[in-house]
Amino acid sequence: MASLFKQFRVHQVFGANTNVGKTILTTGLVRASAQKGKDVFYLKPVSTGPLTDADDYHITRYTKGFAKSVHAECLFRYDEPVSPHLAVKLKGNITGDSTPPSDDTVVSSIANRIREHAMNSPRYSHMYVETAGGVHSPALSGTSQADCYRPLFLPTILIGDSNLGGISSTISSYESLLLRGYTVDAVLLFHEEYYQNAEYLKPYFEERGIFVSTVERPPSILPDPSENFASTEKYYTSITASGDGLGRVVDHLDTCHEKRLQELESMPRRALDSIWWPFVQHGLVQGEKDVTVIDSAYSDFFSITNKNLTSESVSKDSILQPQFDGSASWWTQTFGHAHPALTHAAARASGRYGHVMFPQAVHLPALKLAERLVKDGPGKGWASRAFISDNGSTGMEVALKMALRAYTVRHGQDLSNDQKKSLGILGLKGSYHGDTIGAMDACEEGVYTCEWHDAKGYWLDPPTVGIKDAEVSIDIPASLASFSQSNTVKAKSLPWVYDVEDRLHTPLARAYGLYIDRALASVQQRGGPKLAALVLEPLLMGAGGMLFVDPLFQRVLIDTVRGRRSGKSSSWSGMPVIFDEVFVGLHRIGIESSGPILGVHPDISVNAKILTGGLLPLAVTLASQSIFEAFLGDSKGEALLHGHSYTAHPIGCEVANETLALVDKLAASEEWAAAKANWAEGEKNSIWSLWDPNFVNAVSKLPQVKEAMAMGSVLSIKVQDDSAGYVSHSAQELFRSLKLVSQEDGQLSTAPGGAPFSIHYRTLGDVAYFMTSLNTKATVIRSVEDKIWKTLANV
């Protein structure tokens with residue numbers, strides 16, 4: 001990840017194309033830095049062609065006058081003067097090994113060099129990392145350089161193209177860097193009288209706040225080597241002179257470095273003075289040290305300001321360090337941060353549409369998304385319509401409107417106006433459906449509700465699944481224990497728990513049915529609210545404490561509510577059933593939808609979070625035909641009058657389509673197949689996790705752990721705590737050291753660049769949960785598991 005040192009400025013040099021003078025101008029920058037009395041490090045990650053033509057050789061030759069302060073090197077060198085990815089193959093034809101170094105290897109090698117030089121430099125120094133060819137020239141692996149080097153997130157110098165067509169190639173290169181989040185501190189190019197590219201590009205970039213400098217072209221190569229050296233040396237002397245030469249560029253780069261340091265240092269105080277954070281008790285924030293400053297993010301990691309710095313280490317250690325995004329940024333990340341395919345999708349739709357009105361209109365991104373979700377996705381086999389909104393909570397508001405209207409249309413003649421206004425929902429204790437008022441009203445009173453909240457409904461206490469002492473068990477709540485005659489049911493295995501059809505005729509299923517019947521009868525006898533919809537977070541209830549609900553209980557509850565379907569089998573019966581799959585849907589817990597596990601489909605479901613890969617908000621509420629028909633009529637007042645300005649915004653829809661296409665590929669990948677095999681236990685198993693089952697079992701045996709559970713990308717660890725609940729600080733205190741970096745961490749680091757990393761995590765009272773992206777590498781997960789284990793073992 002990003003490295004930033006107080007006394008060591010690093011810039012990466014990209015070219016708008018090949019033969020634009022990248023090495024010439026970089027040599028000039030190196031000399032200009034050396035002339036200012038700096039130690040200067042030049043790094044060429046990959047070089048192809050004869051050694052005599054190598055860029056690091058050129059640097060060394062033309063900085064002999066600064067030999068004590070200039071250090072040039074190359075990491076990967078190949079003889080053939082071709083693109084790096086091809087040079088690897090050609091060398092492999094000779095050696096028999098054409099496997100190129102991976103992007104991770106190249107990035108880690110560069111990062112290690114930067115750290116080594118920064119830590120060993122006795123004074124303020126400069127470093128220049130020169131790429132090969134153009135912005136999108138292939139790296140050794142064949143990946144575009146712009147993507148390969150992105151984990152480093154180095155401030156960038158773009159060498160513009162002063163040749164014919166150079167205006168286009170320079171702007172295109174800049175936009176490619178911009179789309180990937182690079183910070184371009186300066187654009188340099190040769191002055192050319194005929195094409196006058198600089199005259200066009202200078203105002204173009206300066207309008208965007210980017211520093212531009214032009215220098216004269218180098219002299220023509222002379223046939224006599226000594227004369228050519230003298231001519232070139234004279235040229236370098238001229239362009240590094242004071243005034244408007246490259247010395248001014250070096251001063252500007254130093255200023256950019258200093259501004260970045262100052263901004264990072266000031267951000268905690270500015271945040272404390274102006275921001276009201278969600279889910280944070282500001283009274284417990286002790287000061288600037290409690291604020292996490294995120295400078296950038298890539299893959300599964302934040303790049304944050306280093307909280308381990310001391311007054312003695314600040315001049316040598318990196319100001320930034322990687323931190324694993326242990327909550328997948330509130331459960332949204334699908335492929336990690338800054339995924340280029342999602343960024344391109346957003347740009348594609350932004351450029352084509354921006355945002356357009358949606359009522360009684362259609363655009364291709366929304367149409368494709370609706371068809372994908374209804375016909376081939378979580379709505380396959382039951383849904384007929386997709387209503388697109390902006391976030392999970394809004395999607396649930398839409399679902400509630402749909403369900404309550406459908407119930408009212410069918411039973412309106414039996415309901416008074418007061419009863420229609422006080423219809424309630426049936427749900428489970430610990431439910432959470434969002435922070436808007438209607439979504440809160442669908443939950444019982446709790447920590448997430450507010451003074452205006454009016455809990456409308458009845459909530460059953462659900463049995464939950466967990467692993468204790470490496471054994472799978474089902475915890476039976478006290479309210480249900482008298483029906484099952486046991487507080488805990490030992491499960492045969494995890495696959496057995498989720499084989500709902502096989503368990504439907506067990507004594508426990510009958511106990512569940514009896515408990516639900518008695519509870520619903522009690523509500524009716526007490527004159528409670530008329531229950532008009534069943535709302536469930538299927539399989540896993542997130543914000544309520546990562547509760548893995550026994551799927552058999554939810555299936556029996558749905559069957560009880562529906563009874564015998566009346567009319568067509570596709571028409572809802574009893575009361576509409578809503579699946580809140582905002583959190584669990586689209587493979588967050590390893591399955592696209594909960595329906596196949598439960599053996600039943602909902603009448604309405606909501607998806608969000610994973611839907612757009614964590615890039616921007618969007619939600620889709622799916623509904624069956626019978627629900628849709630409840631809103632058909634001759635009056636506009638009978639329509640679903642719900643929407644917002646950005647309903648079905650094309651950018652979100654296009655990103656969602658891209659996300660779903662990538663998820664489909666991932667679902668068929670060898671990585672997922674291997675993870676599933678780890679959880680198979682020699683039997684058919686639809687429940688699996690990216691977390692290692694042996695690790696989960698081992699954690700469940702620790703004395704400070706009450707139970708553990710994993711599914712898909714989610715790991716939940718419930719700690720022993722007498723004052724359990726959301727307001728407890730037990731889990732937060734137990735795992736506090738995860739947010740710190742120890743020297744041992746560097747030995748097992750799998751963060752981009754190989755730097756030691758900490759873990760950013762969230763807790764729910766006595767529950768700590770950890771979440772990966774859907775494509776997090778197994779090596780990264782094993783490193784995270786190791787850190788969690790060491791934290792718990794050292795308590």
Side-chain angles (χ1 to χ4, degrees), residues 300 324 326-328 331 464-475 488-499 539-542 545-551 583-584 587-591 597 671-683 685-721 730-731 734-735 738 748 750 759 761-764 766-774 776-795:
D300 293 299
F324 181 75
S327 70
W331 322 346
T464 57
V465 180
I467 299 175
K468 304 176 183 180
D469 294 326
E471 292 187 351
V472 181
S473 62
I474 301 171
D475 272 0
T488 303
V489 175
K490 295 295 183 181
K492 296 178 182 178
S493 66
L494 204 58
W496 177 83
V497 171
Y498 290 92
D499 189 352
L539 303 184
L540 174 56
M541 297 165 61
M546 291 296 161
L547 304 174
F548 292 81
V549 182
D550 183 0
F583 170 34
V584 302
H587 295 284
R588 173 57 73 193
I589 58 173
I591 51 178
I597 295 292
E671 290 79 7
W672 276 25
K676 290 177 181 179
N678 287 338
W679 285 80
E681 301 182 21
E683 53 187 304
N685 188 13
S686 57
I687 295 300
W688 63 283
S689 177
L690 292 168
W691 299 92
D692 186 85
N694 295 320
F695 166 76
V696 178
N697 287 333
V699 166
S700 75
K701 295 179 179 180
L702 294 173
Q704 61 271 43
V705 173
K706 188 172 183 179
E707 67 178 28
M709 185 63 180
M711 191 181 294
S713 67
V714 182
L715 168 68
S716 174
I717 300 174
K718 190 171 186 177
V719 305
Q720 298 283 3
D721 181 14
S730 56
L734 182 62
F735 290 97
L738 287 177
L748 297 172
T750 50
I759 297 177
Y761 65 95
R762 299 285 298 178
T763 60
L764 296 163
D766 57 342
V767 174
Y769 68 86
F770 303 89
M771 206 172 302
T772 70
S773 298
L774 301 190
T776 301
K777 295 179 180 178
T779 52
V780 173
I781 299 175
R782 300 294 85 82
S783 293
V784 173
E785 289 171 347
D786 184 71
K787 291 171 71 69
I788 292 172
W789 177 259
K790 288 181 178 178
T791 297
L792 290 171
N794 292 332
V795 174

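We're numbering straight along the sequence, starting at 1.
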Quick check for you: to the nearest 0.5 Å, what is the distance between Q720 atom CD and E707 atom CD? 9.5 Å
CA sep, side-chain torsions, deciding dist, call: S700, K468, side-chain contact (heavy atoms from CB on, under 4.5 Å): CA-CA 5 Å; S700 75; K468 304 176 183 180; 5.6 Å; no
Working to the nearest 0.5 angstrom, can you tell me the gap between I474 CD1 and F548 CZ? 14.0 Å
Could you please spell out the steps behind the side-chain contact (heavy atoms from CB on, under 4.5 Å) verdict for S686 and I597? CA-CA 8 Å; S686 57; I597 295 292; 3.0 Å; yes
The reported gap from CE in M541 to CG in L764 (rounded to nearest 0.5 angstrom) is 12.0 Å
Give, for atom OG1 of T464 and atom CG of L540, the distance between the pair rounded to the nearest 0.5 Å. 11.0 Å
Check the orientation of Y761 and F770. Use parallel for under 30°, tilted for 30 to 60°, and perpendicular for over 60°. tilted
Shortest non-hydrogen contact between V497 and P551, atoms and distance: O-CG, 3.4 Å
Heavy-atom donor-acceptor pair, D499 side chain to P495 backbone, under 3.5 Å: no
Closest approach of W691 to M771 (non-hydrogen atoms, all atoms of both residues): CZ2-N, 4.3 Å
Looking at L539 and Y498, what are the two nearest heavy atoms and their distance? CD2-CE2, 4.4 Å
Between I788 and I717, does a side-chain contact (heavy atoms from CB on, under 4.5 Å) hold up when you go through it step by step? CA-CA 10 Å; I788 292 172; I717 300 174; 4.0 Å; yes
Does the D692 side chain pair with the main chain of N694, one donor and one acceptor, at a distance under 3.5 Å? yes
Kindly say whether A778 contributes a backbone atom to a donor-acceptor pair with the side chain of E671 at under 3.5 angstrom? no
Distance-minimising heavy-atom pair for A328 and T772: CB-O, 4.0 Å
Salt-bridge criterion met for D786 and R782 (N-O under 4.0 Å): no
How close do V465 and D550 get, counting heavy atoms only, and between which atoms? CG2-CA, 3.7 Å
Please check if the side chain of W688 supplies one atom and the backbone of A673 the other of a donor-acceptor pair under 3.5 Å. no
Side-chain (S713) to main-chain (S773) donor-acceptor, under 3.5 angstrom: no
Value rounded to 0.5 Å, distance of CG in L792 from CZ in F735: 4.0 Å
Give me the ring orientation class for W331 and F583: parallel if the planes are under 30° apart, tilted from 30 to 60°, perpendicular past 60°. tilted
Report the C-alpha distance between W496 and V472 in whole Å, list the side-chain angles of each, state the deciding distance to 0.1 Å, and finish with yes or no for side-chain contact (heavy atoms from CB on, under 4.5 Å). CA-CA 10 Å; W496 177 83; V472 181; over 6 Å; no
Restricting to non-hydrogen atoms, name the atom on I687 and the atom on W679 that form the minimum distance, rounded to 0.1 Å. O-CB, 4.1 Å
Rounded to the nearest 0.5 Å, how far does CE of M711 lie from OG of S689? 8.5 Å
